[in-house]
Amino acid sequence: MNTVLVGAQWGDEGKGKVIDFLTEEADVVVRFQGGSNAGHTVVVGDKKYVLHLVPSGVLHDGKHCVIGNGVVMDPFDLMKELEQVESWGFELKGRFHISERAHMVMQWHRAIDKAEEAARPEGHKIGTTGRGIGPAYAAKVGRYGMRVGDILKPDFLDLVRAQVAEANRALAALGAQPLDPEEMVKLYTPMVKALMPYVTDTIQFLHENLDEKKSILFEGAQATMLDIDFGTYPFVTSSNPTAGGACTGSGVPPRAIDRVIGVLKLYTTRVGEGPFPTELFDEDGETLRKRGGEFGATTGRPRRCGWFDAVVARYAQRVNGVDFWAMTKLDVLDTFPVVKICTGYRRDDGFVYQTFPADLAVLKRCTPVYEELPGWQCETSHITDYSELPENTKKYVNRILDLVGGKLGVLSVGPARETTLRINI
Ligand code: IMP
């Protein structure tokens, strides 16, 4: 069974926890896009693990973990994370693999990311994570990027010098400090040695696993509404976190994918700038932030919070072909006397959108249309079986399923591994 797991909103849906849960049945876990802008949190016992680049499958001994060709990997972030994973007691040797085709995020990409963001006028800032993601993908698409395989080449350090010289021209144009090419060479020399053992042809590796009928889990980072094609452009990340990205970012063909699981938080959050139709600026928003611990796992920024948006979820269902939903953070809603679902966007002239408009100017003219349901006002985090859920909770979940399509597969009622209910999968 090969599974693609994707975020269905603006990220931070709780993908790390669901991936950790699904990894028990997988042999290989693959990251296929994004970089260290991601922050996947997994809670095991009283320990909280946050992973940015290394697939969450690493927390299960013996599972293989792959950084696919679609990822942009910052070697320093990766080295730091690998050291951390080993310090937690997980062995990496022989089970961690980096695609030689993946691109690298270099120090100058980070510097350009920050300088570009600073240069954007108010209202045009994207609120990037500052991890160099956009400039690294721009270099890839512009065909002047640096691939992981380049570290195996004898002229790697000359390539570093040439790229720094080029980047310094861009930094000067942005009014930012230049980087010293020789310092960069010094910085990258030990890295080459440290990462070389993990670099391999991951396409070959994945196809051997397919031939042996092993189970592969594709771990999406970020989410549908941050997708460079399908998200709220330009307030998006620079990759394809949607299901199609699993194929282009790993070298596994579409026919090899058996199912798609979408992760859906039972309310909505967004971090960074950009439109967010159901955003709350009142006490309810504050309650969601506090009860949900809604602060970025990568940047620590407070997340913007709002009611569940069925327009977004339905759009995500279509774009990804979601078979099963993993619904998360149910318990965060436990105290609300009323819970709301956005079923459409009403434009100022009365027209109601039921699909997500491409034009952000249109969104600005819209207000959400809400359906109100009674809350359940009791604790759900101890519940271990779907049938034990309060009737009002089931009504809320079922109404969402009616509106968005797809089946319920997993329901998460708390942060710990044990608080995950398996429904139909
Ligand atoms: P970038 O990916 O750092 O270029 O940031 C682009 C946008 O995507 C910003 O609004 C970020 O806050 C958002 N973003 C990037 N990665 C994540 C993530 O893992 N979770 C939530 N938002 C993210």
Q) Taking atom OG of S250 and atom CD1 of I67, what is their separation to the nearest 0.5 Å? A) 13.0 Å

Q | Test item: R95 side-chain N/O and V58 main-chain N/O as donor-acceptor pair under 3.5 Å | A | yes

Q. Is the backbone of L53 close enough, under 3.5 Å, to the side chain of E81 for a donor and an acceptor to pair up by distance?
A. yes

Q) In this structure, which one of L78, I98, V71 forms a side chain to side chain contact (heavy atoms under 4.5 Å, CB included) with V148? A) I98

Q: State plainly whether the residues D20 and R417 are in salt-bridge range, i.e. N to O under 4.0 Å.
A: yes

Q: Would you check, one step at a time, whether the test side-chain contact (heavy atoms from CB on, under 4.5 Å) holds for L411 with L389?
A: CA-CA 11 Å; L411 183 66; L389 287 172; 3.5 Å; yes

Q) Under the 3.5 angstrom rule, does the side chain of K214 hit a backbone N or O of A26 as a donor-acceptor pair? A) no

Q) So, does Q163 use its side chain to make a donor-acceptor pair with the main chain of M146 at under 3.5 Å? A) no

Q) Going by atom types alone, do D74 and S36 pair a side-chain donor with an acceptor below 3.5 Å? A) no

Q: Identify the residue among L5, V66, I257 that makes a side chain to side chain contact (heavy atoms under 4.5 Å, CB included) with F218.
A: I257

(Q) On a heavy-atom basis, which atom in E117 and which in I126 lie closest, and how many Å separate them? (A) OE2-N, 3.1 Å

Q) Considering all heavy atoms of both residues, which atom of S239 and which atom of Q33 are nearest to each other, and what is their separation? A) OG-NE2, 3.0 Å

Q) Mind checking whether F308 and Y370 have ring centres under 6.0 Å apart? A) no

Q. Among side-chain atoms of N320 and T224, is any donor-acceptor pair under 3.5 angstrom?
A. yes

Q) Should the heavy atoms of other residues, nucleotides or ligands under 6.0 Å from OH of Y233 be counted, would the total exceed 12? A) no

Q: Find out whether V236 and D227 are in side-chain contact, i.e. whether some heavy atom of one side chain is under 4.5 Å from a heavy atom of the other.
A: no

Q. Of all heavy-atom pairs between L401 and K407, which one has the smallest distance, and what is that distance?
A. CD2-C, 4.1 Å

Q.
Filter on salt bridge (charged side-chain N to carboxylate O under 4.0 Å, His left out), then keep only pairs touching residues 320-345, sequence neighbours left out; what's left?
A. E294-K329, K340-E372

Q.
So that I can tick it off, tell me whether K394 and E391 are bridged by a salt bridge, with the cut-off set at under 4.0 angstrom between side-chain N and carboxylate O.
A. yes

Q | Geometric class of the F205/H64 ring pair [parallel <30°, tilted 30-60°, perpendicular >60°] | A | tilted

**Q.** Option from D258, V30, V28 for which side chain to side chain contact (heavy atoms under 4.5 Å, CB included) with N2 holds
**A.** D258

Q: Look at atom CG of D349 and say whether more than 12 heavy atoms of other residues, nucleotides or ligands are closer to it than 6.0 Å.
A: yes

(Q) If you define the side chain from C-beta out and look only at heavy atoms, does anything of F76 sit under 4.5 Å from Q107? (A) yes

(Q) Within a 6.0 Å radius of atom NZ on K395, are there more than 12 heavy atoms belonging to other residues, nucleotides or ligands? (A) no

Q.
Here's a test for you: under side chain to side chain contact (heavy atoms under 4.5 Å, CB included), which of T23, V85, L51 qualifies with L59?
A. L51

Q: Taking atom CD of E208 as the centre, report whether more than 12 heavy atoms of other residues, nucleotides or ligands fall under 6.0 Å from it.
A: yes

**Q.** Side-chain heavy-atom pair Q377, N392 within 4.5 angstrom cut-off
**A.** no

Q. Do R303 side-chain atoms and F295 backbone N/O form a donor-acceptor pair below 3.5 Å?
A. yes

Q) Are any side-chain N or O atoms of N37 and backbone N or O atoms of G35, one a donor and one an acceptor, separated by less than 3.5 Å? A) yes

Q) Parallel, tilted or perpendicular: which describes the rings of F336 and W307, with under 30° parallel and over 60° perpendicular? A) perpendicular

Q: Just do the side-chain contact (heavy atoms from CB on, under 4.5 Å) check on V252 and F32 with the steps written out, would you?
A: CA-CA 10 Å; V252 163; F32 56 87; over 6 Å; no

Q. So, for C305 and T269, which heavy atoms are closest and what is the spacing to 0.1 Å?
A. SG-CG2, 4.0 Å

**Q.** Nearest atoms (heavy-atom pairs only) where L360 meets P275
**A.** CD2-CG, 3.8 Å

Q: Decide side-chain contact (heavy atoms from CB on, under 4.5 Å) for R147 and R101; before the verdict, give the C-alpha distance in whole Å, the side-chain angles of both, and the deciding distance to 0.1 Å.
A: CA-CA 6 Å; R147 301 209 293 180; R101 291 175 173 87; 3.7 Å; yes

Q. Heavy atoms, side chains only, cut-off 4.5 Å: are L330 and W376 in contact?
A. yes

Q. Judged by modelled atom types alone, do T128 and R120 share a side-chain donor-acceptor pair under 3.5 Å?
A. no

Q: Among W10, Y267, F281, find the residue that satisfies the ring-ring contact (aromatic ring centres under 6.0 Å, His included) test when tested with F276.
A: W10

(Q) Check D12 with R270, please: is the shortest side-chain N to carboxylate O separation under 4.0 Å? (A) no

Q) Does the side chain of R259 come under 3.5 Å of the side chain of T3 through a donor N or O and an acceptor N or O? A) yes

Q. Do the side chain of R314 and the main chain of T355 share a donor and acceptor less than 3.5 angstrom apart?
A. no

Q) Quick one: do the S412 and K17 side chains pair a donor with an acceptor below 3.5 Å? A) yes

Q: Please check if atom CZ in R365 has more than 12 non-hydrogen atoms from other residues, nucleotides or ligands closer than 6.0 Å.
A: yes

**Q.** For V42 against G16, the heavy-atom pair lying closest together
**A.** CG2-O, 3.6 Å

Q) Side-chain donor-acceptor pair under 3.5 Å between Y315 and D309, yes or no? A) no

Q. Taking C-beta and beyond as the side chain, do L421 and D385 meet within less than 4.5 Å on heavy atoms?
A. no

Q) Any donor-acceptor pair under 3.5 Å linking the side chain of R301 with the backbone of G127? A) yes

Q) Who are the side chain to side chain donor-acceptor pair (under 3.5 Å) partners of R422, not counting sequence neighbours? A) E25

